[in-house]
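These notes concern the structure reproduced below.
As a basis for the values below, the full set of heavy atoms in this structure was taken, side chains included, without hydrogen atoms, waters or symmetry mates. Treat the numbers as computed from the prediction; the structure is a model and nothing was measured. Throughout, protein chains are lettered first and strands after them, A, B, ... in sequence-line order, and every chain is numbered starting at 1.
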2 protein chains.
Amino acid sequence: MKDSKKRKSGVTSIKDIASEAGVAISTVSNVINETRFVADSTKEKVLDAIEKLNYRPNIIARGLRIKSTRAIGVILPDISSSFFSQVIYGIEEIARQRDYTMILGCTNFDYREEVKIANKLIDSFIDGLIFFSGFDNYEFIKKIYDRNIPIVVIDKALGDSEIPTVVIDNTAAVENCVDYLCSYNHKKICYVTFTGDNQTTVRQRYEGYLSGLKKNGIDFDPDLVLMSEEMRLNETASSYRIVKEFLKKGKLPTAFLTVADVFAYGVLRALFEEGFKVPEDISVMGFDNILFSQFTRPLLTTLKQQKRVMGNIAMNLLVDIIEGREVEDKTIIVPTSIVERESVSFARKK
Amino acid sequence: MKDSKKRKSGVTSIKDIASEAGVAISTVSNVINETRFVADSTKEKVLDAIEKLNYRPNIIARGLRIKSTRAIGVILPDISSSFFSQVIYGIEEIARQRDYTMILGCTNFDYREEVKIANKLIDSFIDGLIFFSGFDNYEFIKKIYDRNIPIVVIDKALGDSEIPTVVIDNTAAVENCVDYLCSYNHKKICYVTFTGDNQTTVRQRYEGYLSGLKKNGIDFDPDLVLMSEEMRLNETASSYRIVKEFLKKGKLPTAFLTVADVFAYGVLRALFEEGFKVPEDISVMGFDNILFSQFTRPLLTTLKQQKRVMGNIAMNLLVDIIEGREVEDKTIIVPTSIVERESVSFARKK
DNA sequence: GTGAAAGCGCTAACAC
DNA sequence: GTGTTAGCGCTTTCAC
């Protein structure tokens with residue numbers, strides 16, 4: 001292991017460059033940041049020294065002074081979800097474009113982790129935060145907001161017009177799904193969802209289911225709601241298991257509407273194993289339109305969320321806030337649409 | 001917006017606590033870090049002040065002194081991939097356990113991004129790095145390693161026994177797959193892969209295909225290799241398109257072996273649309289065993305990588321290195337196995 | 001048991 | 001056009 005002559009902290013600092021180049025430390029800083037004019041000859045000496053000593057400025061030390069690191073944090077419950085990762089992709093695009101670094105903090109749907117990670121990021125080096133929360137934690141978010149930390153909340157209506165938010169209209173979206181199904185004559189629509197005690201988004205979707213039924217003159221049947229917390233962790237596997245059991249009870253719906261595509265996959269599998277043909281016997285409709293829904297058998301009809309666009313918007317909003325630009329609209333509602341593929345058709349006659 | 005009396009940098013610092021509690025800065029530091037004994041009465045005053053001013057120590061400033069932030073960086077090509085996200089999960093488990101924060105940097109398979117993000121993390125606040133590379137960039141990794149930055153490389157054999165690495169034996173694994181297929185009498189095995197010009201892992205798997213054929217006395221037929229760079233970005237969609245075209249040419253294999261499960265999904269779909277039954281007419285075998293392979297039709301027979309375990313091992317290794325523990329084995333090979341499901345059966349008679 | 005002060009690597013105001 | 005120096009928020013010697 002070869003050691004340099006000087007080894008204060010193991011890493012070359014601006015000071016080393018200054019002495020190597022025989023100039024003042026501020027001069028080095030100035031050539032690095034192009035923050036004031038430096039004579040070409042001096043500049044060259046500095047650049048040479050940097051090259052020679054393989055120097056890289058310490059962003060953190062800079063951040064300590066400058067109070068900005070051009071890094072933003074994204075808190076989310078679960079990276080393995082295709083929905084999240086698509087949104088992330090949208091965030092990243094803008095990060096790159098506007099020269100920020102994106103830091104991901106993943107909470108695995110654990111509320112304490114959420115608080116812990118958010119705090120850790122805030123305490124450290126982050127200029128702002130994008131918050132996908134798994135929970136109803138308005139208080140916590142509000143507290144961050146009140147500390148004047150730039151934040152935008154995504155995929156979760158907060159009911160606070162002050163806090164910047166990017167969402168879809170969940171209730172209307174599910175209502176549209178119900179309308180769509182009804183236009184194919186479905187009257188027995190089984191709704192598959194996780195429990196929403198703790199999650200606005202899930203609750204709003206459920207309301208959409210309810211109001212959709214009402215609007216279409218269908219009586220609500222509690223037996224046709226498959227709601228379980230278990231589905232949170234093992235999404236597809238649980239919906240598969242639950243639907244399979246449900247089918248054995250013999251009370252058949254004409255269609256399944258699921259709160260997410262991943263559940264629809266489980267439904268599809270259960271239906272197949274129990275000998276039902278989709279959509280001839282029973283229709284299935286998803287929600288999200290994640291990538292894989294283009295490869296199921298049959299191809300999945302679903303509600304499309306513009307995930308990448310949501311990420312773009314959220315990140316642009318956040319950076320605007322960080323950089324002090326005027327933000328007119330703080331709550332942004334991204335439109336959704338239905339993608340018609342193969343898994344929904346007319347309800348079988350009784 | 002309510003302002004505090006003092007608003008130097010907008011955030012309360014250790015100094016504020018010291019003056020609020022009427023003690024020295026160092027005392028505050030000492031109670032926070034429990035780094036030397038402080039009288040109970042003093043301690044209480046400090047704690048009260050912290051509570052009252054809602055103070056949180058600035059990890060970065062600490063890091064600047066201490067040269068450690070207990071954060072590690074993970075560089076990876078693509079978060080949306082199920083394979084990566086499972087490994088990440090394994091990394092995270094250990095991070096939590098050993099009290100580190102995991103920072104994710106995503107490169108979208110862009111080499112310059114890879115360099116840029118890695119450097120940015122290193123220059124900043126990271127204690128170590130886990131590197132999933134999309135590329136053959138031994139030089140770059142070596143340079144990081146030589147800078148004495150704790151690093152472990154995952155999913156990529158480097159051929160340098162010095163640099164800590166967690167991998168599977170790709171060649172042997174694919175060879176096993178070929179053996180397995182041969183045990184079902186397959187002699188025309190079509191191999192679906194992206195190009196490996198730039199990626200050791202992909203190349204090694206291809207070698208496994210070749211050596212597997214040889215070992216089983218099968219002549220190599222170049223027409224049976226579907227190799228394309230296009231599949232990198234649109235994995236499933238591309239494999240679907242390519243296989244569909246291939247099938248129309250009429251030269252039929254008895255089995256498809258794909259370099260990743262995501263490709264197998266495309267193959268499955270193409271086969272279905274072209275009227276082939278799997279596995280009766282043609283068998284399909286994947287590689288990775290990602291979650292979704294339990295829900296395809298038919299269920300996918302595939303080679304299982306222990307993704308979470310790989311993450312666990314890599315992170316433990318990294319933390320051991322960071323904390324200066326002695327590491328005996330620097331190259332760790334994680335075993336693989338074949339998961340038999342429904343998509344492979346005996347080759348049809350010619 | 002506690003305080004004063006130096007210093008981590010950097011920027012920016014102020015000098016000249 | 002360049003140098004000196006204070007200070008960002010923190011830890012850690014060294015005093016007392």
Side-chain angles (χ1 to χ4, degrees), chain A residues 6-47 49-50 53-71 120 122-127, chain B residues 6-47 49-50 53-71 120 122-127:
Chain A
K6 243 180 195 170
R7 191 170 247 291
K8 255 185 166 160
S9 71
V11 96
T12 61
S13 82
I14 197 170
K15 216 181 281 182
D16 301 321
I17 302 303
S19 68
E20 174 75 26
V23 300
I25 145 182
S26 60
T27 302
V28 178
S29 172
N30 285 137
V31 353
I32 291 171
N33 302 302
E34 306 192 326
T35 157
R36 75 183 181 193
F37 189 78
V38 175
D40 281 353
S41 60
T42 322
K43 193 185 275 182
E44 204 170 324
K45 280 190 292 183
V46 172
L47 261 14
I50 290 179
L53 269 52
N54 192 20
Y55 167 71
R56 334 204 72 246
N58 180 321
I59 300 186
I60 283 308
R62 168 187 290 153
L64 190 56
R65 280 249 33 170
I66 235 47
K67 303 246 170 276
S68 160
T69 51
R70 296 194 84 77
K120 190 154 181 181
I122 294 170
D123 295 343
S124 323
F125 37 76
I126 243 60
D127 288 353
Chain B
K6 243 180 196 172
R7 192 172 244 294
K8 256 185 166 161
S9 71
V11 97
T12 62
S13 82
I14 198 171
K15 214 181 284 183
D16 302 321
I17 302 301
S19 69
E20 174 75 26
V23 300
I25 285 185
S26 59
T27 302
V28 178
S29 172
N30 286 138
V31 354
I32 291 171
N33 302 303
E34 307 191 324
T35 158
R36 74 183 182 196
F37 190 79
V38 176
D40 281 352
S41 60
T42 323
K43 192 184 273 181
E44 204 170 324
K45 279 191 292 183
V46 172
L47 261 14
I50 289 179
L53 270 51
N54 191 22
Y55 168 72
R56 335 202 72 247
N58 181 320
I59 300 185
I60 284 309
R62 167 186 292 153
L64 190 57
R65 281 249 33 171
I66 236 48
K67 305 247 169 274
S68 159
T69 52
R70 297 195 84 77
K120 190 155 181 180
I122 295 170
D123 295 343
S124 322
F125 37 76
I126 243 58
D127 287 353

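- Taking every heavy atom of both residues into account, A:A49 and A:A21 meet most closely at CB-CB, 4.0 Å.
- Between B:I25 and B:I14, the shortest heavy-atom contact is O-CD1, 3.9 Å.
- With hydrogens and angles disregarded, a donor-acceptor distance shorter than 3.5 Å links the side chain of B:D127 to the backbone of B:R70.
- Between B:T12 and B:N54 the shortest side-chain heavy-atom distance does not fall below 4.5 Å.
- Shortest non-hydrogen contact noted between A:V38 and A:K43 is CG1-N, 3.8 Å.
- The 5' end of DNA chain C is approached more closely, in terms of each residue's nearest nucleotide, by B:A24 than by the other of B:L64 and B:A24.
- Note: CD1 (B:I60) to P (D:dG9) measures 13 Å, nearest angstrom.
- Atom pair B:F37:CZ and C:dG3:P shows a separation of 14 Å (rounding to whole Å applied).
- Rounding to the nearest 0.5 Å gives a distance of 10.5 Å between CZ of A:R56 and CD1 of A:I32.
- Regarding B:K67, its NZ atom lies at a distance of 12 Å from the C1' atom of D:dC10, rounded to whole Å.
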*Produce a footprint string for nucleotides 10-16 of chain C: one letter per nucleotide, 5' end first; B if the base is under 4.0 Å from any protein heavy atom, S if only the sugar-phosphate is, - if neither.*
BBB-B--
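- With rounding to whole Å, B:I50 atom CD1 is found 14 Å from D:dG9 atom C1'.
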